[in-house]
Amino acid sequence: MGRMIEVEDTGLSFTSDIDIDRMSALALEWLELIGEDPRREGLIKTPDRMARAWAFLTKGYRESLEEIVGGAVFEAEGSEMVVIKGIEYYSMCEHHLLPFFGKVHIGYIPRKKILGLSKFGRITDMFARRLQVQERLSVQIAQAIWDLLEPVGVGVVVEGQHMCMMMRGVEKQHSSTTSSAMLGNFREDAKTRDEFLSLLR
Ligand SMILES: Nc1nc2c(ncn2[C@@H]2O[C@H](COP(=O)(O)OP(=O)(O)OP(=O)(O)O)[C@@H](O)[C@H]2O)c(=O)[nH]1
Ligand SMILES: [Zn+2]
C-alpha cells in the first residue's frame, strides 16, 4: 500500500502508489455486480486491464508540479502576451466517474519568467488526470502557472463535453461547457482579457 499524502488546502488525501491487485479484485466484483461472468474468456484479463487503465487515468494524483516542470522555467525579457491554444485533455468527472474532454487555452503575460511550451500540456494533464469538475480544472491550471511564473496575469479557458450528460442523465449530445479562470491583470483589466479572448476566436 502507498503512503498517504495530504493535499494542501483541499482536504483531499490519496495513496501515492496504486494497488493494482486490490483494484483488480474490486473490478472483478464490479463485473459480477453488473451481471457479467468475470470468468468467461473475454473478461479474464479485464479486471487487471481496468485497474491499469484507472491507474493511468488518475496518474495526476501521483505527480507534482515540481517534478513535471523540472528546470523548464526560464528568465526572459519582455512582457507580451503568450497564448497556447487547443491543448486537448481527457478527464473524469468526480460525480459519475465518466469522461469529460475537450480543449484548454492558456494565455499569460510574463513578468520575468517564461515556461517551456510543452509544460503547459503537462500541467493540463496533471490536473486532468484526476477526478475533476471542469471549473476546478480551469482554476488549478491558472493557479499553477501563477505560482510557478509569478506573471503579470494569466487566463485559462476550458471547453468540455461531458459523457455523463451525453450517455446518461439529461442525454444532451450537442451542449458544451466553457469555463474560465483569470488572475492578475487578466482579471482586473478588461482590455487584457479581451485581447486574450479575441486571440482564441
Ligand atoms: N459544475 C459542474 N457540474 C458537473 C461537472 N461534471 C458533471 N457535473 C454535474 O454534476 C451534477 C450532479 O448532479 P446530481 O443531481 O447529484 O446527480 P445525477 O442525479 O446523476 O444528475 P443528472 O446528471 O442530472 O442525472 C449533474 O448536474 C452533472 O451534470 C462539472 O465538471 N462541473
Ligand atoms: Zn458527471
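The structure presented is a predicted model; accordingly, all values stated were derived computationally and were not measured. Just so you know, residue 1 is the first one in the sequence shown, and it goes up from there. Order of listing sets the numbers, starting from 1, for every ligand and every atom in it.
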Q: Please find out if less than 6.0 Å separates the ring center of Phe56 from that of Tyr90.
A: no
Q. To which of Gln134, Gln132, Arg136 does the heavy atom nearest atom 31 (O) of ligand 1 belong?
A. Gln134
Q.
Check this for me: does any side-chain nitrogen of one of Arg136 and Glu94 sit under 4.0 Å from a carboxylate oxygen of the other?
A. yes
Q: State whether the number of non-hydrogen atoms from other residues, nucleotides or ligands found under 6.0 Å of Lys59 atom NZ is greater than 12.
A: yes
Q: Might you work through the salt bridge (charged side-chain N to carboxylate O under 4.0 Å, His left out) test for Glu32 and Arg39, ending with a clear yes or no?
A: CA-CA 9 Å; Glu32 279 172 354; Arg39 281 156 203 92; 3.3 Å; yes
Q.
So if I count the atoms of ligand 1 from 1 in the order they appear, which ones are less than 4.0 Å from some heavy atom of Cys93?
A. 6 (N)
(Q) I need the atoms of ligand 1 closer than 4.0 Å to a non-hydrogen atom of Gly169, numbered in the order shown. (A) 25 (O)
Q.
For a quick check under 3.5 Å, do Ser138 and Ser180 share a side-chain donor-acceptor pair by atom type?
A. no
Q: Identify, by atom number and element, the atoms of ligand 1 in contact range of Cys164, meaning under 4.0 Å from any of its heavy atoms.
A: 7 (C)
Q.
For atom 21 (O) of ligand 1, tell me which residue out of Arg168, Met92, His95 has the closest non-hydrogen atom.
A. Arg168
Q: Under 2.8 Å from the Zn ion (ligand 2), which protein N, O or S atoms are there? Could you list them by chain and number?
A: Cys93 SG, His96 ND1, Cys164 SG
Q) Does Arg129 reach the main-chain N or O of Gly60 with its side chain, forming a donor-acceptor pair under 3.5 Å? A) no
Q. Given Phe127 and Tyr61, is the ring-ring contact (aromatic ring centres under 6.0 Å, His included) satisfied, shown in steps?
A. CA-CA 8 Å; Phe127 292 116; Tyr61 287 124; over 10 Å; no
Q: Decide yes or no on ring-ring contact (aromatic ring centres under 6.0 Å, His included) for Phe101 and Tyr89, but give the supporting numbers first.
A: CA-CA 6 Å; Phe101 56 92; Tyr89 72 89; 7.9 Å; no
Q | atom 29 (O) of ligand 1 - nearest protein heavy atom and its distance | A | Met165 CG, 3.7 Å
Q: Report, as yes or no, whether the 6.0 Å neighbourhood of atom CH2 on Trp54 holds more than 12 heavy atoms from other residues, nucleotides or ligands.
A: yes
(Q) Treating Glu171 as the side-chain partner and Met165 as the backbone partner, does any N or O pair qualify as donor plus acceptor under 3.5 Å? (A) no
Q) Is atom 25 (O) of ligand 1 less than 4.0 angstrom from some protein heavy atom? A) yes
**Q.** Nearest candidate to atom 28 (C) of ligand 1, where distance is taken over non-hydrogen atoms, out of Glu135, His162, His96, Glu94
**A.** His96
Q: For atom 14 (P) of ligand 1, decide whether some protein heavy-atom distance is shorter than 4.0 Å.
A: no
